[in-house]
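This report refers to the structure that appears directly beneath it.
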Amino acid sequence: MIRLTLKRGREASVARRHPWLFSGAVASAEGDGSDGHAEVVGADGRPLARGAYSPDSQILARLWTFDGRVPDGALLRERFAAARKLRLECLPPETTGYRAVNSEGDLCPGVLLDVYGETAVLELLTRGTEVWRPEIEAAVREVFAPSRLIVRETGSARDSGKSEIRNPKSELPLAPFLENGLHFLADVSGGQKTGFFLDQRDNRARLRALARGKTVLNLFSYSGAFSVAALAGGASRCVDVDSSSGALELAREHRRANGFSTEDPDFVQADVFDDVRGRAAAGERWDIVVCDPPAFAKKKADVDRAARGYKDVNRVAMALVAPAGWLLTCSCSGLVDADLFQKIVFSASVDARAAFVLVARQGAGPDHPVSLDCPEGEYLKGLWLRRA
Ligand code: SAH
């Protein structure tokens, strides 16, 4: 265990139970943190918190307890059981794919667990939780009892500043699961995130509810889950656009698995920025456009460039929306907050000379809770806009 003594006057954040301890707040360290355990004490030596130690990260420790309790197997089991209970209370029926543990949002900083039917994917996001892996894995098995558990350690790679974290290349079978009664497959070895974008469940449900008879253009489609939801809601046609051939292959599988046809022109492998320009030039109009790009801003220095990217793609996407049609536009960059995102979208609509009204805001579902102590955990913004 390592004891981290705070600089004088730097206790406020820990006193407010914020789970991130930045290295700049620490005056001195004592002991060996090789077991991943850190104790945080004030400048006067008073114990304040305990957590997982990541020596190479700017966030030197992620704090798990503020009452002197040591984060051990019993605490992990308690936290995971509480997380499980929340899901049982909130998830819709016929849904076996969900985020079971959401890091800070479930008071388990550095731990993500996504469940896809019988398969669970555990992601250890920090060096400290990587060191705690045996205890975390055991607690996951005990509380969630998955038939198959896949563990991904991404903490050390993050700490060493690798911006692109690739999933380990292994040939695991796809993990089947249900979402609101629809059949999906998570690509747990080669896919994005842990294999599926569970965070968009509520937006997919909303799309399904208003898709009857409508045409849908699904930009940055990944495995086409929005289109499957729209087709289930009676959409007349859905087109998926993504740069990844593997994602589009899975999108076809998803349509087949739900009994929908797979016509070649409905799967377009292209750069969305080019694709939408071509469509706008050709005068295309769609009843519903979904625009859900990857995070354009991964660090603070990216925010300006990201803002330009969001504005650019939204401006062209808006031109493609038919009168009285819809645009669902999303941003999953935590660094672009809700306020800034709405301003960017507004300025895109001015440039597009297209008036929209904001009908609803919809972020991630209840299986992605955000701790009030750590508002940084909120990242997904979805704006439902209707063309005036
Ligand atoms: N909407 C999806 C998730 C999107 S993830 C869902 O709900 O499942 C972002 C996707 O954008 C990835 O599949 C990635 O391959 C794709 N992508 C990233 N940049 C792109 C670009 N410039 N043009 C087309 N696709 C892009």
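Numbers here are sequence positions counted from 1. Counting starts at 1 for both ligands and their atoms, in listed order.
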Practice problem: Go through Asp106 and Arg79 one step at a time and tell me if the salt bridge (Lys or Arg N to Asp or Glu O under 4.0 Å) criterion holds. | Solution: CA-CA 7 Å; Asp106 285 298; Arg79 297 264 163 106; over 6 Å; no
Residue pairs meeting side chain to side chain donor-acceptor pair (under 3.5 Å), one or both in residues 1-14, sequence neighbours left out, come to Arg3-Glu39
Residues pairing under side chain to side chain donor-acceptor pair (under 3.5 Å) where one sits in residues 307-324, two or more places apart or in two chains, turn out to be Arg277-Asp312, Tyr310-Ser331, Tyr310-Ser333, Lys311-Ser347, Lys311-Asp351, Asp312-Arg315, Asn314-Thr329
Starting from Val151, can I reach Phe144 by hopping between I/L/V/M/F/W/Y residues whose side chains sit under 4.5 Å apart? yes
Sorted by chain and residue number, the salt bridge (charged side-chain N to carboxylate O under 4.0 Å, His left out) partners of Glu378 (sequence neighbours excluded) come out as none
ask   = Are Leu250 and Ile150 joined in one hydrophobic group, where the rule is that I, L, V, M, F, W and Y side chains link up if heavy atoms are under 4.5 Å apart?
value = no
For ligand 1, list all ligand N or O to protein N or O distances below 3.5 Å, rounded to 0.1 Å.
unit_1	atom_1	unit_2	atom_2	d
ligand 1	1 (N)	Phe220	O	3.1
ligand 1	1 (N)	Asp292	OD2	2.7
ligand 1	13 (O)	Asp242	OD1	3.4
ligand 1	13 (O)	Asp242	OD2	2.7
ligand 1	15 (O)	Asp242	OD1	2.7
ligand 1	22 (N)	Asp271	OD2	3.2
ligand 1	23 (N)	Val272	N	2.9
ligand 1	25 (N)	Ser243	N	3.0
ligand 1	25 (N)	Ser243	OG	3.2

